[in-house]
Amino acid sequence: MRKLILVLSLTLSAIVLAACASNTDAPAQAVQNYLNALVNKEADKLPTLVCGDWEEDALIELDSFQAVTARLEDVSCSQTGTDGETSLVLCTGNIVATYNNEDQQLDLSTRTYQVIEQGGDWLVCGTR
């Protein structure tokens with residue numbers, strides 16, 4: 001009986017830890033999804049990844065990649081803090097934009113993404 005209680009207790013602890021870990025990773029994953037949509041030029045997907053206040057800016061950012069081939073290089077995002085209800089996410093790595101066989105690296109560590117939760121979804125809602 002004690003073994004059963006111990007196993008159930010450990011299982012419950014693992015589930016709780018996984019839920020907490022996934023919740024703290026959700027803002028970083030939202031930014032990763034946003035960056036993937038940018039470089040893959042997914043204009044139809046982009047509005048589902050950003051808040052309404054950021055949508056126009058996100059589409060302008062997407063337009064800047066239309067004439068180039070873009071890819072993510074060594075990208076890793078993590079939540080670095082909060083500001084009220086806003087999660088702050090910093091990424092490392094680059095967006096590499098290629099035009100006429102010339103690469104230009106855009107360093108992702110120069111901006112902090114602001115991510116908010118709306119309706120159960122984490123959405124990119126600006127940068128700092």
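Values below: all heavy atoms of this structure, side chains included; hydrogens, waters and symmetry mates excluded. Index from 1, following the sequence.
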Asks: Quick check: closest heavy atoms across Q66 and L62, and the distance to 0.1 Å?
Replies: NE2-O, 3.4 Å
Asks: Do any pairs count as a salt bridge (Lys or Arg N to Asp or Glu O under 4.0 Å) and have a residue in residues 93-105, sequence neighbours left out, and if so which ones?
Replies: R71-D103
Asks: Got a second to check how far L38's CG is from L49's CG, nearest 0.5 Å?
Replies: 9.0 Å
Asks: May I have all residue pairs that pass salt bridge (Lys or Arg N to Asp or Glu O under 4.0 Å) and include part of residues 83-101, sequence neighbours excluded?
Replies: D83-R128
Asks: Mind checking what makes side-chain contact (heavy atoms from CB on, under 4.5 Å) contact with D121, not counting sequence neighbours?
Replies: L123
Asks: A67 and Y99: which non-hydrogen atoms are nearest, and at how many Å?
Replies: O-CD1, 3.2 Å
Asks: Given V68 and Q104, is the side-chain contact (heavy atoms from CB on, under 4.5 Å) satisfied, shown in steps?
Replies: CA-CA 10 Å; V68 299; Q104 179 178 4; over 6 Å; no
Asks: Could you state whether V39 and L35 fall into the same hydrophobic cluster, counting links through intermediate Ile, Leu, Val, Met, Phe, Trp or Tyr residues with side-chain heavy atoms under 4.5 angstrom apart?
Replies: yes
Asks: Which pairs count as side chain to side chain donor-acceptor pair (under 3.5 Å) when at least one residue sits in residues 49-64, sequence neighbours excluded?
Replies: Y34-E61, E61-R111
Asks: Could you state whether V124 and I95 fall into the same hydrophobic cluster, counting links through intermediate Ile, Leu, Val, Met, Phe, Trp or Tyr residues with side-chain heavy atoms under 4.5 angstrom apart?
Replies: yes
Asks: Please report the interatomic distance CG(N100) to OG1(T69), rounded to the nearest 0.5 Å.
Replies: 10.0 Å
Asks: Tell me every residue that passes side-chain contact (heavy atoms from CB on, under 4.5 Å) with N94, counting only those two or more places apart in sequence or in another chain.
Replies: E73, V96, Q105, D107
Asks: When you group the ILVMFWY residues by side-chain heavy-atom contacts below 4.5 Å and let the links chain together, are L106 and L90 in the same group?
Replies: no
Asks: With sequence neighbours left out, what residues match T82 under side-chain contact (heavy atoms from CB on, under 4.5 Å)?
Replies: Q79, S87
Asks: Among all residues two or more places apart in sequence or in another chain, which pass the salt bridge (Lys or Arg N to Asp or Glu O under 4.0 Å) test with D44?
Replies: none
Asks: Could you give all pairs that pass the salt bridge (Lys or Arg N to Asp or Glu O under 4.0 Å) test and reach residues 33-43, with sequence neighbours left out?
Replies: none
Asks: What pair of heavy atoms forms the shortest contact from A58 to V50, and how long is it?
Replies: CB-CG1, 3.9 Å
Asks: Going by side chain to side chain contact (heavy atoms under 4.5 Å, CB included), Y113 matches just one of L88, T86, L108. Which one?
Replies: L108
Asks: For residues 97-128, which residue pairs qualify under disulfide (SG to SG under 2.5 Å), counting only residues two or more places apart or in two chains?
Replies: C51-C125
Asks: Show me the pairs that pass disulfide (SG to SG under 2.5 Å) and involve residues 84-121, at least two apart or across chains.
Replies: C77-C91
Asks: What pair of heavy atoms forms the shortest contact from L46 to A37, and how long is it?
Replies: CD1-CB, 3.8 Å
